[in-house]
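FYI, side chains are in, hydrogens and waters are out, and symmetry mates aren't considered; it's all heavy atoms of this structure. Numbering starts at 1 and runs along the sequence shown.
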Amino acid sequence: MDALAELRAIYKEVDAVLDGFTCDASSDCCHFARTGREPYPSAIEIAELARAVRARGGAPKKSKRALAMADERRCVLLGEDGKCSVYASRPFGCRTFFCERGHGPVGEAPPPLKGGDLGRLGRAIADLSARFDPHDPGPRPLSKVTARPGWESRGR
Ligand code: SF4
């Protein structure tokens, strides 16, 4: 299995752990100025995002609406429909980016990021990234990566 396929298999495990958990799908967490936070994907997660962007023929076009919302620091991968354009490849941070609105089927809080299954899977992604890019495996702000012209061609 190549490294990206291995990553997608870990993402499936993450999704299984979080099966049944949801939020109000406001996409607030994809507007980084709204939350004051953003995902920090590792090198291998960025390579998977780049693969997914290339597969769909590029990042979503910047509409007038998106440009008007520039001060909200809207993720460039958020589609005009308010949905992630690379949902199946979104990073661990996006899969687990719960705010206080995240909840389970009977209103329970999401599982913790540290310890437990999510902690183990987060470490598995970090280990995989270290093997994938031993020189620069670590996490970095998604907005900085996607601000670089042609990042999806290089995967960095
Ligand atoms: S990658 Fe997708 S889910 Fe993550 S912040 Fe961007 S649009 Fe939102």
Side-chain angles (χ1 to χ4, degrees), residues 1-32 34-60 73-79 82-148 150-156:
M1 194 189 303
D2 74 22
L4 293 186
E6 220 176 306
L7 176 65
R8 291 193 295 273
I10 296 172
Y11 282 164
K12 272 193 184 166
E13 284 191 68
V14 173
D15 292 348
V17 171
L18 294 171
D19 188 30
F21 287 89
T22 188
C23 66
D24 62 3
S26 65
S27 80
D28 279 350
C29 55
C30 306
H31 296 79
F32 308 142
R34 288 188 194 169
T35 58
R37 297 188 299 175
E38 67 176 290
Y40 275 58
S42 58
I44 189 149
E45 294 184 278
I46 293 162
E48 171 61 14
L49 280 176
R51 186 202 63 76
V53 168
R54 290 195 302 273
R56 70 180 299 283
R73 300 187 58 227
R74 182 185 168 97
C75 179
V76 298
L77 301 175
L78 188 63
K83 295 181 179 160
C84 178
S85 63
V86 287
Y87 189 77
S89 297
R90 70 199 188 287
F92 182 74
C94 299
R95 289 166 196 268
T96 56
F97 206 45
F98 282 101
C99 64
E100 67 283 355
R101 285 170 274 172
H103 60 84
V106 290
E108 68 271 40
L113 280 177
K114 289 191 178 158
D117 284 335
L118 289 183
R120 172 179 61 79
L121 292 166
R123 282 193 301 280
I125 293 171
D127 291 347
L128 183 59
S129 194
R131 276 187 278 134
F132 176 75
D133 186 349
H135 300 295
D136 190 13
R140 65 217 71 198
L142 179 57
S143 61
K144 278 202 175 161
V145 173
T146 56
R148 291 197 196 110
W151 72 274
E152 68 275 22
S153 312
R154 297 189 301 275
R156 298 306 303 270

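- With sequence neighbours excluded, the residues satisfying side chain to side chain contact (heavy atoms under 4.5 Å, CB included) with Arg8 are Leu4, Ala5, Glu48, Arg51.
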**Q.** Check against side chain to side chain contact (heavy atoms under 4.5 Å, CB included), His103 and Cys23
**A.** CA-CA 6 Å; His103 60 84; Cys23 66; 5.7 Å; no
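- Not counting sequence neighbours, Glu108 has no partner by the salt bridge (charged side-chain N to carboxylate O under 4.0 Å, His left out) test.
- The existence of a salt bridge linking Arg131 and Glu6 is confirmed by a sub-4.0 Å separation between a basic side-chain nitrogen and an acidic carboxylate oxygen.
- Between Leu49 and Pro91, the shortest heavy-atom contact is CD1-CG, 3.8 Å.
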Q: In sequence, state the C-alpha distance, the side-chain angles, and the governing distance for Ser153 and Arg54, and then conclude on side chain to side chain donor-acceptor pair (under 3.5 Å).
A: CA-CA 7 Å; Ser153 312; Arg54 290 195 302 273; over 6 Å; no
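- Note that the CD1 atom of Ile44 and the CG atom of Asp133 stand 9.5 Å from one another [nearest 0.5 Å].
- Residues Pro39 and Cys94 share a closest heavy-atom pair of CG-SG, 3.5 Å.
- For the pair Arg140/Val145, a side-chain contact is recorded, criterion being any heavy-atom separation below 4.5 Å from C-beta on.
- For the pair Val76 and Ala59, the tightest heavy-atom approach, listed with the atom from each and the gap, is O-CB, 4.2 Å.
- When all heavy atoms are compared, the tightest approach of Phe21 to Ala109 is CE2-O, 3.5 Å.
- Ion pair Glu45/Arg90 not flagged as a salt bridge, since none of the NZ, NE, NH1 or NH2 atoms sits closer than 4.0 Å to an Asp/Glu carboxylate oxygen.
- Rounded to the nearest 0.5 angstrom, Thr22 OG1 and Arg101 CZ are separated by 11.5 Å.
- Ala124 approaches Ile10 most closely through the heavy-atom pair CB-CD1, 4.0 Å.
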Q) Does the pair Leu142 and Cys75 meet the rule for a side chain to side chain contact (heavy atoms under 4.5 Å, CB included), with working shown? A) CA-CA 8 Å; Leu142 179 57; Cys75 179; 3.9 Å; yes
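- With Phe32 as the partner, the side-chain contact (heavy atoms from CB on, under 4.5 Å) test is satisfied by one option alone out of Arg37, Arg74, Glu38: Glu38.
- Salt-bridge annotation for Asp117 and Arg120: present, with a side-chain N of the basic residue lying under 4.0 Å from a carboxylate O of the acidic one.
- Because its NZ or CZ atom is both nearer than 6.0 Å to the ring centre of Tyr11 and within 45° of the ring axis, Arg95 counts as a cation-pi partner of that residue.
- When all heavy atoms of Ser129 and Pro137 are compared, the closest pair comes out as OG-O, 2.9 Å.
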Q | Check against side chain to side chain contact (heavy atoms under 4.5 Å, CB included), Val53 and Trp151 | A | CA-CA 10 Å; Val53 168; Trp151 72 274; 4.0 Å; yes
